[in-house]
S.K.: 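My questions all concern the structure below.
Treat the numbers as computed from the prediction; the structure is a model and nothing was measured. Letters A, B, ... mirror the listed sequences (proteins, then strands); counts begin at 1.
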Amino acid sequence: NAGVTQTPKFRVLKTGQSMTLLCAQDMNHEYMYWYRQDPGMGLRLIHYSVGEGTTAKGEVPDGYNVSRLKKQNFLLGLESAAPSQTSVYFCASSTSSNQPQHFGDGTRLSIL
Amino acid sequence: QQQVKQSPQSLIVQKGGIPIINCAYENTAFDYFPWYQQFPGKGPALLIAIRPDVSEKKEGRFTISFNKSAKQFSLHIMDSQPGDSATYFCAASRGRTSYDKVIFGPGTSLSVIP
C-alpha cells in the first residue's frame, strides 16, 4: 500500500520557469491538500480539494494553481517560479476535514 | 478565531523525562484535535487524536489531555526516548461543511538526549 506518493522528490528551478508537482493517493480519499513548510512557519495550506473536479484556496494560494481531474491525483503548478517559493511541499489526503490526514514525504524545491 | 497556538517552540529533555507540549485554540466549533509527528526528511504522520467528548486519551507512551472550558489541549510523552526526537504539530478542525480546513500549530521541535 503506497499511500500518498509525491513526484518529484527534489527539483531545482530557475526564476521564471514553470513546473508541476504531482500527488497520487491510492486510499480512495475524497479530500486532498497541498501544504508548504518553511523553517519556523509550520505547515501552510496552499490549495485543497474536497472531491474530484473541485479546488479551493487555502492560506497562501498566490503564485500557485491546482487541478483535480482524477480522484486519485492532485496537481500543483507553479506558472512562473520565484525564489520566495523555495520550500518543501507536502501533499496530504483524508476522508473528510475532521479525519486523519495522510502525508507524502515531500518535494524539496529550490528556485534560484 | 482560526488560529492554533503551540508552545514551546523547542524542547530538550533527558531520556526518561516527560516532555509536555501545549496548544490552545479559539474556535469552539472545532471537534477534532490531532497530533502529528514529523521526522527529518519525512512527511508528518498522525500520532494520536482526540475529540471533545473525552478529557484524556492514551496510546502507549503518548497521552492527550483536553480541557474544553479552557480551550486547551496538550501532548505528554511518558518515558521519552531518543527515537521520539522529532517535530510535533498539534491541529484542530471541524467537519460541519465540506470546505472546513485543518488548522495546524507552528510545531515544536523535541530533542531527547541520552
S.K.: Do other residues, nucleotides or ligands put more than 12 heavy atoms under 6.0 Å from B/Glu59 CD?
M.R.: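 Enclosed.
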S.K.: With hydrophobic residues grouped by side-chain heavy-atom distances under 4.5 Å, do A/Ile46 and A/Leu75 end up in a single group?
M.R.: no
S.K.: With a 4.5 angstrom heavy-atom cut-off, which part of B/Pro34 approaches chain A: side chain, backbone, both or neither?
M.R.: neither
S.K.: To the nearest 0.5 Å, what is the distance between NZ (B/Lys42) and CZ (A/Phe103)?
M.R.: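 Rounded to the nearest 0.5 Å, the NZ-CZ separation comes out at 15.0 Å.
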S.K.: Tell me, out of A/Gly106, A/Gly58, A/Pro100, who's got the most heavy-atom pairs with chain B below 4.5 Å.
M.R.: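 Looking at each option in turn, the highest pair count goes to A/Pro100.
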S.K.: Can you tell which part of A/Arg108 gets under 4.5 Å to a heavy atom of chain B, answering side chain, backbone, both or neither?
M.R.: side chain
S.K.: With a 4.5 angstrom heavy-atom cut-off, could you sort out which part of B/Tyr36 is near chain A: side chain, backbone, both or neither?
M.R.: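 For B/Tyr36, the contact with chain A is made by the side chain alone.
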S.K.: Are the side chains of A/Asn98 and B/Arg94 in touch, meaning some heavy atoms are under 4.5 Å apart?
M.R.: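 A/Asn98 does not reach B/Arg94 side chain to side chain.
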S.K.: Identify the two heavy atoms, one from B/Gly43 and one from A/Phe90, that lie closest to each other, and give their separation to 0.1 Å.
M.R.: CA-CE2, 3.3 Å
S.K.: By a 4.5 Å heavy-atom criterion (distance strictly below it), what part of A/Gln101 contacts chain B: side chain, backbone, both, or neither?
M.R.: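 The answer is both parts of A/Gln101.
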S.K.: Taking B/Pro106, B/Gly107, B/Ala45, B/Pro44 one by one, which has the highest count of heavy-atom pairs under 4.5 Å against chain A?
M.R.: B/Pro44
S.K.: Using non-hydrogen atoms only, which part of B/Gln38 is less than 4.5 Å away from chain A: side chain, backbone, both, or neither?
M.R.: side chain
S.K.: If hydrophobic clusters are built by linking Ile, Leu, Val, Met, Phe, Trp and Tyr wherever their side-chain heavy atoms come under 4.5 Å apart, do A/Tyr64 and A/Trp34 end up in the same one?
M.R.: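 Looking at the clustering, A/Trp34 is in the same group as A/Tyr64.
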S.K.: Check each atom of A/Thr54 against the heavy atoms of chain B and say whether the ones under 4.5 Å are side chain, backbone, both or neither.
M.R.: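 For A/Thr54, the contact with chain B is made by the side chain alone.
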S.K.: For residues A/Leu43 and B/Phe89, report the shortest heavy-atom separation together with the two atoms involved.
M.R.: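 Smallest heavy-atom distance, with atoms named: N-CE2, 4.4 Å.
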S.K.: Could you have a look at B/Ser109, B/Ala92, B/Ala91, B/Gly41 and say which one has the most heavy-atom pairs with chain A under 4.5 angstrom?
M.R.: B/Gly41
S.K.: Other residues, nucleotides and ligands only: do more than 12 of their heavy atoms fall within 6.0 Å of CD1 on B/Ile12?
M.R.: no
S.K.: For the residue pair A/Ser97 and B/Ser93, what are the closest heavy atoms and their distance?
M.R.: O-OG, 3.0 Å
S.K.: Do A/Val66 and A/Leu21 sit in one hydrophobic cluster, given that two such residues count as connected whenever their side-chain heavy atoms are within less than 4.5 Å of each other, even indirectly?
M.R.: yes
S.K.: For A/Glu79, does the CD atom have more than 12 heavy-atom neighbours from other residues, nucleotides or ligands under 6.0 Å away?
M.R.: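 No - once you tally the heavy atoms of other residues, nucleotides and ligands closer than 6.0 Å, there are 12 at most.
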S.K.: Hydrophobic clustering (ILVMFWY, side-chain heavy atoms < 4.5 Å, transitive) - are B/Ile103 and A/Met32 grouped together?
M.R.: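 Looking at the clustering, B/Ile103 is in a separate group from A/Met32.
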S.K.: So, do B/Leu46 and A/His102 sit near enough that their side-chain heavy atoms are less than 4.5 Å apart?
M.R.: no
S.K.: Shared ILVMFWY cluster between A/Val60 and A/Tyr48, side chains joined below 4.5 angstrom?
M.R.: no
S.K.: Could you tell me which portion of A/Gln99 (side chain, backbone, both or neither) has an atom closer than 4.5 angstrom to a non-hydrogen atom of chain B?
M.R.: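 Contact with chain B is through both the backbone and side chain of A/Gln99.
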